[in-house]
Amino acid sequence: MHWVADLLAAIGVVLNGIPQGIMAMSLGFAIFPTMFSFIFASAVNGAFSSVAPLSFQAESLALTGKLGRDLRERTSIILGGSIVMLLIGITGTLTKIVDVLGNGIMAGMMAGVGIMLAKIALGMAKTERLTGWLSVALAAVTYLITKDLVWTIVVSVVGSSLAAVFIQHYRAELPEHVTARRFVFTKPTVNVRVVRGALSLACLNIGANISYGLITGQMTGQKPNPVDLNLLTITQSIADMGTSLLGGAPVEAIISATASAPEPVVAGIMMMLIMAAVLAVGWLPKLGKYVPSASIAGFLFILGTVVIFPVNAGVALQGPTATIAAITLVITAVADPFAGLLAGAILKFCLPLLGLGV
């Protein structure tokens, strides 16, 4: 009966991903080409017996939405970031980057991302007051009671969406390209905003692939950790590269409960194929008409302030690089992950050359 436990774990992760898929639609990403990212990743995981699946990731969606002004800029940011990550994956330099910068500076960047997510959530709440603040309140209460992110995202998104529908009579008309069941080539563009966004997304994914990938591997209970970080990075970058040219949403590394299933590889593949089926039959766009973008605010707030920030800040503010890591944290929070890591790298390597220390 292992398959029942595998299926339940897969469905749980799908439930966690659906609200973030709706967030992707609110940013203008097309659903149909994104389906093929899930199919591609499931095929790779099956071929190489990988336990680390891909799915919608709130952090990358929030960052892309913040730094890109429209769909063309956002898909260009994803394309640029995926090219950088593909080079990192092929050359096997993912862990080397962390070794050079140090765990403290990388943790400072991730902690800054936590604050960034909280700021985005509060911005949503200020824009759509009823939906946003109710979502934050429901998420806070649910997480305090359950300590479970799946319940947190389900209760906060469903509760705030029902309030918007029945109190404000909310119903959105999604753009035609979001729901179109065909491929539409999205021509990339290059400007300062896109380059900055691509480098920021790559920096975020460096941290996320290592932390989320290894955590997912640890959940299997297998030793040594079964996750191949280079394979994960290559899979994610190729999936994003293809879908970005067709206006689709990014799929990234996540902390997946499928890793704790009896057959973690099978459960991860089941999750991605179920998500592909949800996109194929058009359920997500139908749900998206009744789910305001601010309904995800509560989940983003809890994810940023409770899940990501405390753990990473604790690592960042210890050891000899604590001050540099703290500066990295602040700059990431107020600017972006690339600016944060760049500042951290400059301070770590240039100050000693000048005979200075921090």
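In what follows, residues are counted from 1 in the order of the sequence shown.
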Exercise. Counting N and O atoms only, with roles assigned by atom type, does the side chain of Thr142 sit under 3.5 Å from a partner on the main chain of Ala139, one being a donor and the other an acceptor?
Worked result: no
* Asked: Near Phe185 CZ, under 6.0 Å, is it more than 12 heavy atoms from other residues, nucleotides or ligands?
  -> yes
Here the side-chain hydrogen bond (donor to acceptor under 3.5 Å, both in side chains) pairs for residues 81-93, sequence neighbours left out, are Thr91-Thr93
Residues 46-58, side-chain donor-acceptor partners within the protein, below 3.5 Å, at least two apart:
| from | atom 1 | to | atom 2 | distance (Å) |
| --- | --- | --- | --- | --- |
| Ser50 | OG | Ala52 | N | 3.4 |
| Gln57 | OE1 | Ser60 | N | 3.1 |
| Gln57 | NE2 | Ala253 | O | 2.8 |

**Request:** Decide yes or no for Leu117 and Ile308: does some side-chain heavy atom of the first lie under 4.5 Å from some side-chain heavy atom of the second?
**Result:** yes
(request) Let me see the working for Phe309 and Leu329 under side-chain contact (heavy atoms from CB on, under 4.5 Å), right down to the final yes or no. (result) CA-CA 10 Å; Phe309 177 79; Leu329 188 162; 4.0 Å; yes
Contacts of Glu73 meeting salt bridge (charged side-chain N to carboxylate O under 4.0 Å, His left out) (sequence neighbours excluded), chain-then-number -> Arg69, Arg193
Applied to residues 333-353, the side-chain hydrogen bond (donor to acceptor under 3.5 Å, both in side chains) test, sequence neighbours excluded, yields Arg196-Asp336, Ser200-Asp336
d(Thr34 OG1, Asp240 CG) to nearest 0.5 Å is 9.5 Å
Answer yes or no: is there a side-chain heavy-atom contact under 4.5 Å between Met272 and Ile39?
no
Any donor-acceptor pair under 3.5 Å linking the side chain of Ser135 with the backbone of Thr131?
no
Is a side-chain N or O of His177 found less than 3.5 angstrom from the main chain of Phe29, in a donor-acceptor match?
-> no
Do the non-hydrogen side-chain atoms of Val251 and Gln236 ever get within less than 4.5 Å of each other? no
Using a 4.5 Å side-chain heavy-atom cut-off and chaining through intermediate ILVMFWY residues, the residues clustered with Val184 come out as none
Taken in chain and number order and not counting sequence neighbours, the residues that satisfy side chain to side chain donor-acceptor pair (under 3.5 Å) with Ser26 are none
### Message
Assigning hydrophobic clusters by single linkage (Ile, Leu, Val, Met, Phe, Trp, Tyr; side-chain heavy-atom cutoff under 4.5 Å), is Met35 placed with Met25?
### Response
yes
Side chain Ser161, main chain Val158, donor-acceptor under 3.5 Å:
no
Between the CD1 atom in Ile327 and the OG1 atom in Thr321, the distance rounded to the nearest 0.5 Å is 11.0 Å
ask   = Is there side-chain contact between Phe301 and Ile120, with at least one heavy-atom pair below 4.5 Å?
value = no
Tyr170 meets the side chain to side chain donor-acceptor pair (under 3.5 Å) criterion, sequence neighbours left out, with none
So do Leu246 and Thr243 actually touch side chain to side chain, heavy atoms under 4.5 Å? no
Requested in this report: Would you indicate whether the side-chain heavy atoms of Trp283 and Ile18 approach each other to under 4.5 Å?
Outcome: no
**Message:** Determine whether a donor-acceptor pair (N or O, by modelled atom type, separation under 3.5 Å) exists between the side chain of Thr152 and the backbone of Ala140.
**Reply:** no
Aromatic ring centroids of Phe183 and Phe36 under 6.0 Å?
-> yes
One should read off an interatomic distance between Asn230 CG and Leu94 CG, to the nearest 0.5 angstrom, of 6.5 Å
**Q.** Transitive ILVMFWY side-chain link Leu67 to Ile296, under 4.5 Å
**A.** yes
Residues 105-128 vs side-chain hydrogen bond (donor to acceptor under 3.5 Å, both in side chains), sequence neighbours excluded, gives Glu128-Ser293
field: Residue pair Thr258, Met270: steps toward the side-chain contact (heavy atoms from CB on, under 4.5 Å) verdict
entry: CA-CA 9 Å; Thr258 56; Met270 291 172 72; over 6 Å; no
In this structure, CE of Met275 is separated from CZ of Phe38 (nearest 0.5 Å) by 5.0 Å
By side chain to side chain donor-acceptor pair (under 3.5 Å), Ser37 pairs with (sequence neighbours left out) none
Which of Ile255, Asn209, Leu229 passes side chain to side chain contact (heavy atoms under 4.5 Å, CB included) with Leu214? Answer is Leu229
- Query: More than 12 foreign heavy atoms under 6.0 Å from NZ of Lys147: is that the case here?
  - Reply: yes
Besides Ile145, the hydrophobic cluster formed by Ile, Leu, Val, Met, Phe, Trp and Tyr side chains linked at under 4.5 Å, directly or via other members, contains Val141
**Report entry** Verdict with supporting geometry, Glu252 and Tyr212, side-chain contact (heavy atoms from CB on, under 4.5 Å)
**Finding:** CA-CA 10 Å; Glu252 316 288 15; Tyr212 296 173; over 6 Å; no
With a cut-off of 3.5 Å and sequence neighbours excluded, list every side-chain donor-acceptor pair involving residues 101-116.
none

For this session: Examine distances only and state if a side-chain atom of Ser76 and a backbone atom of Thr189 form a donor-acceptor pair shorter than 3.5 Å.
Result: yes
Here the gap from Ile153 atom CD1 to Asp148 atom CG, rounded to the nearest 0.5 Å, amounts to 11.0 Å
Applying side chain to side chain donor-acceptor pair (under 3.5 Å) to Asn312 and not counting sequence neighbours gives none
Salt bridge flag under 4.0 Å for residues Glu59 and Lys66
no
| Where do Thr179 and Phe32 land on the side-chain contact (heavy atoms from CB on, under 4.5 Å) test, with the steps shown first? | CA-CA 7 Å; Thr179 58; Phe32 189 66; over 6 Å; no
Is there a side-chain contact between Leu7 and Ile274 (heavy atoms, below 4.5 Å)?
yes
Of Gln168, His169, Glu173, the one forming a side-chain hydrogen bond (donor to acceptor under 3.5 Å, both in side chains) with Arg171 is Glu173
Taken to the nearest 0.5 Å, the spacing of Met23 CE from Leu300 CG works out to 5.0 Å
Checklist line | Side-chain heavy-atom pair Leu342, Ile346 within 4.5 angstrom cut-off | finding: yes
